[in-house]
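A quick note: this is a predicted structure, and the numbers were derived from the prediction, not measured.
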Amino acid sequence: MIPDSITDPSSVALTQSSDEDVHGSAFVVVNPAVAAKQPDSRALRRQAFVDAARDAFFADGYGQTAMSTIVAAVGGSKTTLWSYFPSKQDLFAAVVDDIAGQYSSALTVELDPAGPIEPTLRRFATAMMATILSEPIVALHRIVMGEAQRFPELGVLFYERGPQRGRARLAAYIGVAMADGRLRSGEPMVAAQQFASMCKSGCFQEMLLGIEGFRNPRTVAQDIEAAIDTFMRAWGTAR
C-alpha cells in the first residue's frame with residue numbers, strides 16, 4: 001500500500017533506516033537535493049491506482065470492476081481515488097494513456113515529410129504492428145470489444161487515444177506526399193486507413209481470437225511488404 005501522504009522531501013528529515021538493530025533505531029539524514037529528485041508522492045499514488053485498475057480490468061473486464069476493488073488493492077479510501085479519477089471512465093482513460101505511452105511506438109516513430117515513400121511506410125507499419133500485437137494492446141482491444149455494447153463510450157475513448165492518433169500521423173505524411181506528387185492525389189485519411197487495414201489483415205484478428213502462431217516476425221514482415229506493394233499500386237505515381 002502507498003500512504004496518502006509522505007513527509008515533505010523539501011526539508012532535511014530524520015528517517016528510520018532499514019538497518020535497525022536490537023539496541024535501538026538507526027537514523028539517517030535525508031539530503032534535500034536527493035529527496036527532491038524522488039518521484040512525487042501524488043504521482044506515485046496516481047500510478048498505483050492506474051496499475052491496480054489495469055490489472056483489474058484485464059482480469060475481470062470493465063463492467064465487473066468496482067472502484068472499491070481498486071481502492072482495496074492500493075489502500076486508502078474511495079475519496080482519495082475520486083480525487084484523482086472522478087469516474088471509472090476517467091480511470092480507464094488513464095489506463096489507456098499509460099499503456100499507449102509504454103507500447104505505442106506508432107505514435108512516436110519518425111515520419112520525415114520529405115522521406116521516401118516505401119521506407120517510411122515500412123517504418124510506420126513495423127512500429128504499428130509491434131504496437132497492436134503487444135499483449136497489453138491486444139488485451140485493451142479485447143476489453144473494448146467485449147464491453148462496447150454496454151459501454152460504447154469506451155470504444156470512442158480508446159479509438160481517439162490510440163488508433164486515430166496513429167492514423168492521423170500517417171495521413172499527415174501521406175498528405176504531403178500527395179501534395180508534392182509522390183503519391184496520387186486523394187483523401188489522405190482514406191489512404192492511411194487502407195494501408196493500416198492491409199497491414200493488420202494477416203494476423204491481427206487471429207491474435208484477438210487467441211489463435212497462436214500469428215505473431216511470427218517473418219509472417220508480420222511479409223504482411224507489411226504485401227501491404228506496401230498493394231498501397232503503391234493503388235496510390236503510387238511511378239513504380
Side-chain angles (χ1 to χ4, degrees), residues 1-6 38-111 124 127-172 189 192-193 196-197 199-200 204-205 207-210:
M1 294 184 180
I2 297 178
D4 285 338
S5 62
I6 62 174
Q38 300 304 311
D40 178 76
S41 61
R42 183 170 175 82
L44 286 173
R45 190 157 185 80
R46 181 185 187 281
Q47 187 61 46
F49 283 129
V50 172
D51 291 343
R54 179 198 61 229
D55 293 343
F57 290 149
F58 283 3
D60 303 318
Y62 179 84
Q64 295 301 312
T65 296
M67 296 289 267
S68 58
T69 301
I70 297 165
V71 171
V74 177
S77 66
K78 285 186 179 180
T79 300
T80 302
L81 175 57
W82 288 333
S83 71
Y84 292 90
F85 307 103
S87 70
K88 187 164 67 170
Q89 183 175 328
D90 291 326
L91 185 53
F92 183 79
V95 170
V96 172
D97 288 341
D98 185 64
I99 292 176
Q102 296 182 60
Y103 295 95
S104 193
S105 56
L107 300 180
T108 58
V109 64
E110 181 183 359
L111 299 178
F124 177 85
M128 182 188 74
M129 295 305 292
T131 294
I132 67 174
L133 294 179
S134 65
E135 289 292 349
I137 300 296
V138 170
L140 274 179
H141 274 90
R142 288 171 176 162
I143 290 173
V144 172
M145 292 174 67
E147 305 278 16
Q149 185 171 359
R150 289 190 299 163
F151 305 101
E153 65 274 10
L154 295 188
V156 175
L157 184 155
F158 177 64
Y159 178 73
E160 290 178 345
R161 281 171 155 74
Q164 185 179 53
R165 290 171 60 197
R167 290 179 187 177
R169 294 189 73 233
L170 180 59
M189 182 56 76
Q193 291 173 337
S197 296
C199 290
K200 295 189 297 183
F204 184 57
Q205 184 177 17
M207 286 298 303
L208 286 179
L209 295 174

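Put simply, the side chain of P136 does not reach to within 4.5 Å of the side chain of Q102, judged on heavy atoms.
Applying the ring-ring contact (aromatic ring centres under 6.0 Å, His included) rule to F92 yields the partners F57, Y62; only residues at least two apart in sequence or on another chain are considered. Among residues two or more places apart in sequence or in another chain, the side chain to side chain contact (heavy atoms under 4.5 Å, CB included) test is passed with A66 by S68, T69. Looking at residues two or more places apart in sequence or on another chain, you find a side chain to side chain contact (heavy atoms under 4.5 Å, CB included) between Q193 and Y159, R167, M189. Evaluation of the salt bridge (charged side-chain N to carboxylate O under 4.0 Å, His left out) rule for D97 yields R161 as partners, not counting sequence neighbours.
For R169, the CZ atom is densely surrounded, since the number of other residues' heavy atoms within 6.0 Å is greater than 12.
Contact between V144 and G155 at its shortest, heavy atoms only, is CG1-CA, 3.6 Å. When all heavy atoms are compared, the tightest approach of A53 to V95 is CB-CG2, 3.9 Å. The shortest heavy-atom contact between A73 and A52 is CB-CB, 4.1 Å. In terms of heavy-atom proximity, A56 sits nearest to T65 at O-OG1, 3.3 Å.
Applying the side chain to side chain donor-acceptor pair (under 3.5 Å) test to pairs two or more places apart or on separate chains, those with a residue in residues 49-59 are Q47-D51, D51-R54. Counting only residues at least two apart or in different chains, salt bridge (charged side-chain N to carboxylate O under 4.0 Å, His left out) contacts with residues 142-153 comprise E147-R150. Annotation: salt bridge (charged side-chain N to carboxylate O under 4.0 Å, His left out) contacts involving residues 78-91, sequence neighbours excluded, are absent.
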Evaluate the side-chain contact (heavy atoms from CB on, under 4.5 Å) criterion for residues Q205 and K200: first the C-alpha distance (whole Å), next the side-chain angles of each, then the deciding distance (0.1 Å), finally the verdict. CA-CA 8 Å; Q205 184 177 17; K200 295 189 297 183; over 6 Å; no
Any chance you could lay out the side-chain contact (heavy atoms from CB on, under 4.5 Å) test for M67 and L91, step after step, and finish with the verdict? CA-CA 9 Å; M67 296 289 267; L91 185 53; 4.0 Å; yes
Yes or no on side chain to side chain donor-acceptor pair (under 3.5 Å) for T80 and S83, after CA distance, side-chain angles and deciding distance? CA-CA 5 Å; T80 302; S83 71; 5.6 Å; no
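F85 does not carry R46 over the face of its six-membered ring by the limits of under 6.0 Å from the centre and within 45° of the normal.
For the atom pair CD1 (I99) and CZ (F158), the distance works out to 8.5 Å, reported to the nearest 0.5 Å. Distance check: I137 CD1 to I132 CD1 gives 9.5 Å after rounding to the nearest 0.5 Å. For the atom pair F49 CZ and I70 CD1, the distance stands at 9.0 Å (nearest 0.5 Å). Interatomic distance, H141 NE2 to L133 CG, rounded to the nearest 0.5 Å: 10.0 Å. With values rounded to the nearest 0.5 angstrom, L107 atom CG is found 7.0 Å from T131 atom OG1.
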